[in-house]
There are 2 protein chains.
Amino acid sequence: MQVRTILRILGLLVALFSMTTLPPIGVAMYYGDGGAGAFFFAFLLSLLIGFALWYPNQNQRRELKTREGFVIVVLFWVVLASVGAIPFWMPDEFQLSFTDSMFEAFSALTTTGATILTGIDELPHAYRFYRQQLQWFGGMGIIVLAVAILPLLGIGGMQLFRAETPGPMKDNKMTPRIADTAKHLWYIYLGITAACALAYWAAGMSLFNAIGHAMSTVAIGGFSTHDASLGYYDSGWVNLVAIVFLLIAGVNFALHFGAVRGRTVRGYLADPELRAFLLIQFVLMVICAVTLVLFQWHDDIGASISHGALQAVSIATTAGFTTENYAVWPVFLPVLLIFASFIGGSAGSTGGGLKVIRVLLLFRQGVRELNRLVHPKGVFSVKYGNRPLPDRVVQAVWGFFAAYALVFVCIMLAFIATGLDDYSAFGATAATLNNLGPGLGSVAVNFTDVTTAGKWVAILAMLFGRLEVFTLLVLFTPTFWRG
Amino acid sequence: MQVRTILRILGLLVALFSMTTLPPIGVAMYYGDGGAGAFFFAFLLSLLIGFALWYPNQNQRRELKTREGFVIVVLFWVVLASVGAIPFWMPDEFQLSFTDSMFEAFSALTTTGATILTGIDELPHAYRFYRQQLQWFGGMGIIVLAVAILPLLGIGGMQLFRAETPGPMKDNKMTPRIADTAKHLWYIYLGITAACALAYWAAGMSLFNAIGHAMSTVAIGGFSTHDASLGYYDSGWVNLVAIVFLLIAGVNFALHFGAVRGRTVRGYLADPELRAFLLIQFVLMVICAVTLVLFQWHDDIGASISHGALQAVSIATTAGFTTENYAVWPVFLPVLLIFASFIGGSAGSTGGGLKVIRVLLLFRQGVRELNRLVHPKGVFSVKYGNRPLPDRVVQAVWGFFAAYALVFVCIMLAFIATGLDDYSAFGATAATLNNLGPGLGSVAVNFTDVTTAGKWVAILAMLFGRLEVFTLLVLFTPTFWRG
Ligand SMILES: [K+]
Ligand SMILES: [K+]
């Protein structure tokens with residue numbers, strides 16, 4: 001294990017990440033409602049930490065192998081989220097406990113969007129902006145992770161995409177080409193965010209809120225600058241903008257990358273995962289809207305359609321924006337949407353969950369088995385697009401599913417052990433492991449009432465979800481450290 | 001599709017099954033507390049139905065193919081359970097509605113053991129005996145199905161066992177050899193039941209109750225002749241007998257078969273599934289007993305150990321006997337046990353759930369993927385015993401898992417749609433799909449308060465579980481009927 005090379009890279013990342021405290025300082029100075037001191041202190045502290053990690057190891061430049069890739073990816077999230085927690089923890093206008101600070105930062109950076117805060121509307125603008133921005137950077141990190149790094153590590157069948165990513169990704173070493181891919185993804189991400197912000201602004205949000213919500217929309221994060229989330233606006237236009245941009249952000253960014261680079265939409269049209277993703281979202285929107293209309297849940301039909309469609313997409317893509325408490329919706333809608341969050345977004349998007357492509361492959365494996373029962377001598381392969389998938393990829397997806405199920409059970413039991421009731425524990429597990437945000441029962445709106453131990457379970461679950469389970473799980477195997 | 005041959009076989013089965021109403025008639029005459037008329041009428045009616053199915057088709061003796069095997073297996077359960085419902089539906093000392101009669105009969109024959117009855121202690125002895133006996137026959141049917149028929153049909157990886165079953169099972173046609181295997185399994189099943197009845201009798205039950213509970217114990221069914229289930233006896237000895245015989249009944253009967261035939265216990269010792277099954281049960285017993293002791297749930301430690309161990313094994317093997325309401329046990333015990341019921345018994349036992357061997361294979365696939373992440377160029381196979389498993393078998397297990405998960409989600413949503421709250425719906429789905437019996441929330445004790453629609457959902461779920469999902473699911477595919 002090239003520990004010092006890893007420390008050098010982490011140091012650079014932390015130093016770079018310290019820059020994220022600068023925009024909130026600007027916001028604090030513009031609005032003059034506090035927070036500048038805390039963020040300035042956080043800037044200095046994180047810069048110092050970064051420097052301390054980097055300085056003694058600055059000449060360590062060995063090439064990294066796959067195994068070190070796992071360690072870096074895990075540390076990347078843990079260290080940056082911890083550093084990101086500093087401003088919440090600073091003694092200033094408001095101060096959170098250590099646990100709450102960590103919870104809020106991990107929830108932000110993993111784009112989970114669960115919160116322990118209430119009274120968000122009254123916070124200094126710097127903090128309201130910082131939370132949104134943290135989600136935005138988290139979303140960016142996830143895309144680079146999913147499109148450029150996980151295929152390299154071979155997590156959960158994502159080597160499937162290796163063929164589609166540019167040249168040097170095919171071999172098994174971390175290469176500088178990642179930086180190049182990351183840069184292009186970054187432009188695309190930035191472009192979509194800008195378009196989303198303009199659209200929210202046109203829909204009636206103030207510029208500050210439009211930018212803030214655009215950040216958490218494109219990150220499929222779900223943080224809002226208001227306690228009432230998007231419900232604050234009670235606007236069909238705002239809901240429509242959110243739906244459109246959540247659907248865009250729920251697409252594999254490798255497709256966006258290909259479209260921008262090749263100046264063609266052919267990639268979108270040919271992608272089975274995209275079709276399945278849009279179909280799922282459409283069906284859920286219709287089910288929710290129709291059910292709410294039939295139950296006369298709102299005074300007029302338009303409101304039911306608007307709330308139904310927004311919250312269907314918001315929960316199913318694992319964004320977690322709300323316009324009202326979906327957990328009290330009639331019959332099976334809450335549970336249906338929670339189940340849908342297990343599917344989540346596309347691989348290579350900012351969405352959470354198992355990812356559409358994996359569920360699609362599981363479904364096709366089920367269909368293959370049914371066909372085999374009827375025709376025991378037939379030969380059936382699981383196809384993706386027009387080509388049959390290598391068994392290795394399908395097996396990786398199955399392994400992923402098994403690990404996800406096992407982690408789900410353990411996390412849910414752990415939540416119950418920390419004092420949550422069974423039902424809320426189920427909701428909390430889905431909310432954190434799927435990086436969704438709002439759960440069911442006592443965690444339907446926020447995690448304020450969860451015990452300290454419960455919050456740490458939540459942090460662990462968010463990490464498991466965001467790191468596609470295996471990246472974290474592999475660190476707990478003896479083979480990994482022996483190998 | 002050889003419809004007339006299928007009808008001939010069904011007719012014979014129904015006529016044979018009509019004999020199961022004769023022992024209750026004997027019981028009714030012995031105790032003189034009613035029911036004889038109803039059972040005699042049920043005898044005549046079911047004999048008539050059987051004759052009507054058989055007579056016009058008596059000369060139809062074409063050889064059956066795999067596809068017809070699926071239809072027969074499904075009809076076997078549906079038709080026999082429907083015929084078995086007749087005595088409940090007869091106007092006599094007590095009469096159930098059509099739905100309730102069907103629920104009770106399906107719950108009995110699938111060895112689920114959920115009930116809509118209260119006041120069981122006051123029922124005529126004939127009915128109290130009949131319910132137990134129906135479970136016993138159900139258990140027998142399941143073993144023949146799992147050991148002799150499903151491997152032939154290739155359901156959910158169970159072709160794995162095809163190599164172990166005697167000669168002619170290896171080809172793809174239904175053969176008379178099944179009858180021979182079935183006969184031997186029958187003797188073993190009968191022998192274990194007799195031993196269990198003697199043990200219960202020695203532990204203090206009356207002979208009537210000892211036989212009744214032995215029948216539902218060996219069937220891992222969970223019906224009792226008392227409303228309070230095994231709690232009626234409040235006896236450590238009764239609990240111990242139940243634990244021992246549930247563990248015996250939870251073993252693959254092909255192992256019992258091999259041991260009796262070869263007069264050796266070597267088969268038991270070499271079986272990885274048996275080891276995993278016993279390990280799981282042991283760990284759960286310890287967790288439940290220790291937790292109850294720590295929480296001082298009972299007045300003395302002995303009671304906590306006895307209740308804890310009995311209910312752990314009872315729920316985890318999917319028997320469903322209770323000595324007290326486990327659903328109110330402290331912290332995560334209820335949910336832990338419900339999760340354990342998803343694992344259930346061994347393949348080829350009377351237990352429900354996914355079956356230990358499948359969960360074991362899923363787990364090993366997960367471990368294989370972790371190993372592959374660390375050593376991307378290594379070659380790892382999923383082993384069972386000492387031999388690597390064919391990919392085909394592993395894929396079948398995965399397909400099974402995917403289908404189980406999908407059916408679980410659909411059934412749970414359907415339960416909610418019929419009016420159950422989310423939490424009870426989760427419990428009801430686990431209770432029925434795993435053929436467990438008691439659930440959580442409003443169905444923790446019985447299904448009395450479930451709506452009529454909910455009871456039909458439960459019946460469907462019990463069938464799905466008992467028919468290993470695929471046997472039933474395959475009938476809903478267009479390919480099946482085209483092929
Ligand atoms: K989210
Ligand atoms: K049962």
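Order of the sequence lines sets the chain letters (A, B, ...), proteins ahead of strands, with each chain counted from 1. These numbers come from the heavy atoms of this one structure, side chains and all, not from hydrogens, waters or symmetry mates.
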Check your understanding: Which residue out of A:Asp421, A:Thr477, A:Val409 racks up the most heavy-atom pairs below 4.5 Å with chain B?
Key -> A:Val409
**Study point:** Reported CD-to-CZ distance for the pair B:Gln395 and A:Arg372, which is rounded to 0.5 angstrom
**Key:** 4.5 Å
**Study point:** Part of B:Arg368 lying under 4.5 Å from any heavy atom of chain A
**Key:** side chain
Point to revise | Inter-chain contacts: residues 422-430 of chain A against chain B, heavy atoms under 4.5 Å | key: A:Asp422, A:Tyr423
Practice item. Considering non-hydrogen atoms only, spot the tightest contact between B:Trp398 and A:Ala402 and give its length. Key: CH2-CB, 3.6 Å
Point to revise | Interface residue of largest heavy-atom contact number with chain A, from B:Leu362, B:Leu440, B:Val474, under 4.5 Å | key: B:Val474
**Study point:** Max heavy-atom pair count under 4.5 Å with chain B, selected residue of A:Phe363, A:Phe339, A:Phe342, A:Phe401
**Key:** A:Phe339
Review point. Do any of residues 410-417 of chain B come closer than 4.5 Å to chain A, heavy atom to heavy atom, and if so which ones, in number order?
Key: B:Met412, B:Leu413, B:Ile416, B:Ala417
Check your understanding: Are any non-hydrogen side-chain atoms of B:Phe400 and A:Glu369 less than 4.5 angstrom apart?
Key -> no
